[in-house]
There are 2 protein chains.
Amino acid sequence: MVWAVDGKPGLRERKKQRTRAAISDAAIALFLEHGFNQVSVAQVAEAAEVSKRTLFAYFPTKEDLVVHRLADHETEAARVVRARTPGTAPLTALREHFLKGLQERDPITGLNDHPQVLRLTRMILDAPSLVARMDQFKTSAERALAEALRETADTPELTARFAAAQIVAVQGVLAQDNARRLAHGEAADARHTGAVADAELAFALLENGLRQLSSRH
Amino acid sequence: MVWAVDGKPGLRERKKQRTRAAISDAAIALFLEHGFNQVSVAQVAEAAEVSKRTLFAYFPTKEDLVVHRLADHETEAARVVRARTPGTAPLTALREHFLKGLQERDPITGLNDHPQVLRLTRMILDAPSLVARMDQFKTSAERALAEALRETADTPELTARFAAAQIVAVQGVLAQDNARRLAHGEAADARHTGAVADAELAFALLENGLRQLSSRH
DNA sequence: GTATAAATGTATACCAGGTGCGGAAATATC
DNA sequence: GATATTTCCGCACCTGGTATACATTTATAC
């Protein structure tokens, strides 16, 4: 919060950022190597050459050592909706954004098979408390998206929340399915076509509804 | 697991059930009075006249002391889909079931304003770890519902998961909104009409899709 | 009925995540 | 360079949860 007059962050601020990065890096490295539950925060603190008390000053919980890196994605859908070109439907913007994510192998789509990403995914899935945090993530994303829909597409409050809940839930399924397949050995490049088809199906269901379930049988 | 020949549970089994109930009752009572985080498991154990070790033999985590009572609802949607009368669409069965829940003031719909239920709701919402467990609940419900859809409506795997995710998410919004309104003082009877209208809207969105979001603007 | 095997319960000590506190060290400001 | 403010640390402490080793109760076989 304290900047020198020339606009550059002061020594204090720079040091804080370095300490923060050191803690986070040490944590991720240890977690990737030994697993989240197998490493204690005391070990992380020691590796980062920092006291346990200081560690908790930077990251309020052990889980935050991992999930703080994904914090940006919490509002990603909301930002996409807000930043869409006028005249574009929210769902269209979201679909195109997701497809672009697939093409760029954005880890959030589950379609990135770099060994580091795969290891990170596996590490998270192996730690129940981290999975729980990912669920909370979805809740936050839902709220942010609902607000974006209300404000930019003047959708009624409740409708916006229904839509946001559906969209976030479906995107979660898409990402999880891709990640699962890559974890089982499929290559991202080989999976890409299928992932696109699945995403198209998902967004088609969102747009057209589940009538298939209500009338076909 | 051990029954006497006459079919009645043996003394051992009865005693276990009584102990379990005693622990659970003591826990709920203390939690309702002082709040979840304000009561330690040691206090619960003492109130139930049981050792801490025994408490954890019956309930693997502190949160389970509360959520074990809601465990049935985890597979409720799936059961509704499986038990629907032949020829009925899954979504129709689910909508009717939810509307019946509203009419009967089933707490799961959020439309029960008995003081005890309100206090319990508030207590859960005030405890982050319990909210997290409720999220996990939704994940389980999702999986169960997806499987029910696959098996009884021969829906393709991924489609079933999309549908299940949407349905569970939307029902969650409905319940949460009702609960929020009752927590703010609305009476269940006064809220019922609005709750029905909202539910109809929600299921209409599920059936017909979010085209309103993709074409109107 | 009594001996015995199998559950079940207890006490104690322990580990890990997380917090409160008082003081030391570093940084910013004058 | 003196001083005020942050930041950091070491320590003790609390709580959820587990391991061990032992005592008690219940079921069952004789």
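The structure displayed is predicted, hence computed values, not measured ones. Throughout, a chain's letter reflects where its sequence line sits, starting with A, and its residues are numbered from 1.
Residues A:Gln43 and B:Ala57 both approach DNA chain C. Their nearest nucleotides, taken by heavy-atom distance, put B:Ala57 toward the 5′ side. Both A:Glu49 and B:Glu63 sit near DNA chain D, but only A:Glu49 has its closest nucleotide nearer the 5' end.
Nearest nucleotide to the side chain of A:Ser40, out of C:dT27, C:dT8, C:dA16: C:dA16. Comparing D:dG16, C:dG17, D:dG10 against the side chain of A:Ser51 picks out D:dG10 as the nearest. Among the nucleotides C:dG18, C:dG9, D:dC8, the one closest to any side-chain atom of A:Thr19 is D:dC8. Comparing atom distances between the B:Arg53 side chain and each of D:dT15, D:dT20, C:dG17 picks out D:dT20 as nearest.
A salt bridge does not link A:Glu96 with A:Lys100: every distance from a Lys NZ or Arg NE/NH1/NH2 to an Asp or Glu carboxylate oxygen is 4.0 Å or more. Between B:Asp113 and B:Arg105 there is no salt bridge, since no side-chain nitrogen of the basic residue lies less than 4.0 Å from a carboxylate oxygen of the acidic one.
Using a 4.0 Å cut-off, some side-chain N or O of B:Lys15 falls inside it from OP1 or OP2 of D:dT26. OP1 and OP2 of C:dT8 both lie 4.0 Å or more from every side-chain N or O belonging to B:Tyr58.
You won't find any donor-acceptor pair under 3.5 Å spanning the side chain of A:Lys52 and the base of D:dG10, going by distance alone. For B:Lys62 and D:dG17, a side-chain-to-base donor-acceptor distance below 3.5 Å is absent, hydrogens and geometry of angles not being considered.
The CD1-C1' distance, from B:Ile23 to C:dT10, rounds to 13 Å in whole Å. Across the protein-nucleic acid pair, B:Arg18 atom CZ and C:dG9 atom P stand 11 Å apart, rounded to whole Å. Taking atom CD on B:Glu46 and atom C1' on D:dT15, their separation rounds to 15 Å, with Å as the unit. Whole-Å rounding puts the B:Phe56 CZ to C:dC14 C1' distance at 14 Å. Atom CZ in B:Arg14 sits roughly 10 Å away from atom P in D:dT26 (whole-Å rounding). Atom P of nucleotide C:dA16 and atom CG of A:Leu65 are separated by 16 Å, given to the nearest angstrom. The CG atom of B:Leu55 sits 9 Å away from the P atom of D:dG17 (whole-angstrom rounding). Rounded to whole Å, atom P of C:dA16 lies 12 Å from atom CG of A:Asn37.
Enclosure of atom CD in A:Gln38 by more than 12 non-hydrogen atoms of other residues, nucleotides or ligands within 6.0 angstrom is indicated.
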For A:Glu76 and A:His97, what are the C-alpha separation, side-chain angles and deciding distance, and is it a side chain to side chain donor-acceptor pair (under 3.5 Å)?
CA-CA 10 Å; A:Glu76 185 172 345; A:His97 180 76; 2.6 Å; yes
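Looking at heavy-atom distances under 4.0 Å, B:Val44 makes no contact with the nucleic acid at all.
For A:Arg84 (side chain) and A:Val81 (main-chain N/O), a donor-acceptor pair under 3.5 Å exists by modelled atom type.
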